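What follows is a single structure, written as structure tokens, with notes after it.
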Amino acid sequence: MLIDKNLLSRYGATTDFYKPKSIIFEEGDTPKYYYQIISGDIKLNHIDENAREVIISLLKTGDSICEFLLLLDTKYPVNAVVITESTIIKITKADFAKMLNSHPEIVLDVCKFISQRLHHNIIKTKNITSPFAQVRIKSMLNFFKDLNGNDKTDYSFAVPLTRQQLASITGLRIETVIRCIKKLDADKFLEIRQRKIYI
DNA sequence: CCATTAAATGGCC
DNA sequence: GGCCATTTAATGG
């Protein structure tokens, strides 16, 4: 957890339960709360001009959601959409500021979290600009394993993404992802077992 | 069992 | 590589 639940509670936090596909906030909304995921998975996305989904980032238990905007005076540039049933705790922007004021040690944690996101974004941008679909997919898979997998052994990490999600993340079409992953399977870069991807 | 959703295929540009 | 149509799982009520 980025910030201790009990501490958030002391600053008047409320907890909400979300069903899959529900929306926490939308593009253009004004940030009013600090959100933190108690459990569940959510995604930050954008629907492009062709009505196609672009996944900007995936967030999981313990992560906060677009916290960096609370220090700015801007609107949300993305939608936050629930993927799996989620429990999310939130406190108002004002209470968040109060909390940071009285808890300098939290400021550092938040800074660190934002720095990690920044770091990830640079890696992602670097990867996604490759002219080769295979490179985009491979590096995205490696990225996920580094981020979520404890075991570094080959084929030990079950990629928690559908082909479609992988396509929306890499900016490719689902058919391309399917075909590329099969090739990577043949090349022993990964293994497909019961349609699941292991890397 | 049926409906829904995801994955896989093949043809074509 | 993308687009489209179609088929083939897998999932859940």
Side-chain angles (χ1 to χ4, degrees), chain A residues 15-29 35 37-63 65-66 76-89 117 120-199:
Chain A
T15 301
D16 295 306
F17 183 74
Y18 292 89
K19 292 260 176 236
K21 295 183 186 171
S22 49
I23 292 168
I24 301 168
F25 56 73
E26 292 181 272
E27 256 182 74
D29 286 353
Y35 295 96
I37 305 172
I38 298 300
S39 71
D41 297 296
I42 80 127
K43 63 184 171 185
L44 300 182
N45 76 0
H46 166 70
I47 306 302
D48 72 12
E49 298 77 2
N50 293 318
R52 188 160 295 147
E53 178 186 34
V54 180
I55 295 179
I56 309 294
S57 125
L58 293 167
L59 302 172
K60 58 181 192 303
T61 300
D63 291 345
I65 308 174
C66 285
Y76 284 117
V78 291
N79 309 298
V81 184
V82 175
I83 299 177
T84 61
E85 294 194 343
S86 300
T87 305
I88 293 172
I89 192 169
R117 282 255 122 48
H120 292 162
N121 279 330
I122 290 178
I123 294 175
K124 281 191 271 187
T125 307
K126 200 170 70 172
N127 294 336
I128 218 174
T129 41
S130 167
F132 306 108
Q134 207 186 77
V135 174
R136 289 200 233 175
I137 292 172
K138 273 169 106 171
S139 39
M140 216 42 231
L141 291 172
N142 280 329
F143 178 77
F144 264 89
K145 179 167 179 167
D146 283 349
L147 199 61
N148 305 318
N150 309 310
D151 193 344
K152 301 299 176 197
T153 319
D154 284 355
Y155 316 134
S156 65
F157 178 64
V159 179
L161 303 169
T162 63
R163 269 62 163 177
Q164 181 56 67
Q165 285 176 321
L166 217 40
S168 299
I169 292 169
T170 53
L172 297 164
R173 305 300 298 132
I174 185 173
E175 298 92 330
T176 306
V177 170
I178 289 171
R179 288 165 181 142
C180 190
I181 281 175
K182 294 210 157 189
K183 182 168 188 320
L184 292 175
D185 179 41
D187 293 347
K188 308 280 187 205
F189 174 79
L190 51 77
E191 256 181 23
I192 299 175
R193 300 201 284 264
Q194 288 126 218
R195 298 186 167 203
K196 266 276 165 196
I197 302 166
Y198 293 84
I199 177 176

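Order of the sequence lines fixes the chain letters, A, B, ..., with proteins taken first and strands second; residue numbering starts at 1 for each chain. None of the values given here were measured: they were computed from a predicted structure. Values below: every heavy atom of this structure, side chains too, minus hydrogens, waters and symmetry copies.
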Dump the pairs, protein N or O against N or O of nucleotides 9-12 of chain B, anything under 3.5 Å, distances to one decimal.
from   : atom 1 : to     : atom 2 : distance (Å)
B:dT9  : OP1    : A:K182 : NZ     : 2.9
B:dT9  : OP2    : A:K182 : NZ     : 2.6
B:dG10 : N7     : A:R179 : NH2    : 2.5
B:dG10 : O6     : A:R179 : NH2    : 2.8

Atom [atom1] of [X] and atom [atom2] of [Y]: how far apart are they, to the nearest 0.5 Å?
X      : Y      : atom1 : atom2 : value
A:N79  : A:E27  : CG    : CD    : 5.0 Å
A:I83  : A:T162 : CD1   : OG1   : 9.0 Å
A:N142 : A:I137 : CG    : CD1   : 12.0 Å
A:I178 : A:L172 : CD1   : CG    : 12.0 Å
A:I24  : A:C66  : CD1   : SG    : 10.0 Å
A:D16  : A:I88  : CG    : CD1   : 8.0 Å

message: The criterion is ring-ring contact (aromatic ring centres under 6.0 Å, His included); which residues satisfy it with A:F25, sequence neighbours excluded?
response: A:Y35, A:Y76

field: Between C1' of B:dA6 and CD1 of A:I181, the distance in whole Å
entry: 13 Å

task: Could you list all the ring pair (Phe, Tyr, Trp, His ring centres under 6.0 Å) pairs where at least one residue sits in residues 130-174 of chain A, not counting sequence neighbours?
output: A:H120-A:F143

query: Taking side chain as C-beta onward, heavy atoms only, is A:I89 less than 4.5 Å from A:I37?
result: no

message: Taking salt bridge (charged side-chain N to carboxylate O under 4.0 Å, His left out) as the cut-off, I'd like each qualifying pair that reaches into residues 161-185 of chain A, sequence neighbours left out, listed once.
response: A:K183-A:D187

Residues from [range] lying under 4.0 Å of DNA chain B - heavy atoms:
range                       : result
residues 184-199 of chain A : A:R195
residues 160-174 of chain A : A:T162, A:R163, A:Q164
residues 45-60 of chain A   : none

With a 3.5 Å cut-off and sequence neighbours excluded, list the donor-acceptor pairs that the side chains of residues 191-199 of chain A form with protein atoms.
from   : atom 1 : to     : atom 2 : distance (Å)
A:E191 : OE1    : A:R193 : NH1    : 2.4
A:K196 : NZ     : A:V159 : O      : 3.2

message: So, using side-chain hydrogen bond (donor to acceptor under 3.5 Å, both in side chains) as the criterion, who are the partners of A:Q165 when residues are at least two apart?
response: none

- prompt: Listed by chain and number, what are the salt bridge (Lys or Arg N to Asp or Glu O under 4.0 Å) partners of A:K43, not counting sequence neighbours?
  reply: A:E53

task: Kindly write out the residues that satisfy salt bridge (Lys or Arg N to Asp or Glu O under 4.0 Å) with A:D63, not counting sequence neighbours, or none if the list is empty.
output: A:R117

Between the protein and nucleotides 11-13 of chain C, are there any N/O to N/O pairs under 3.5 Å, and if so, what are the atom names and distances?
none

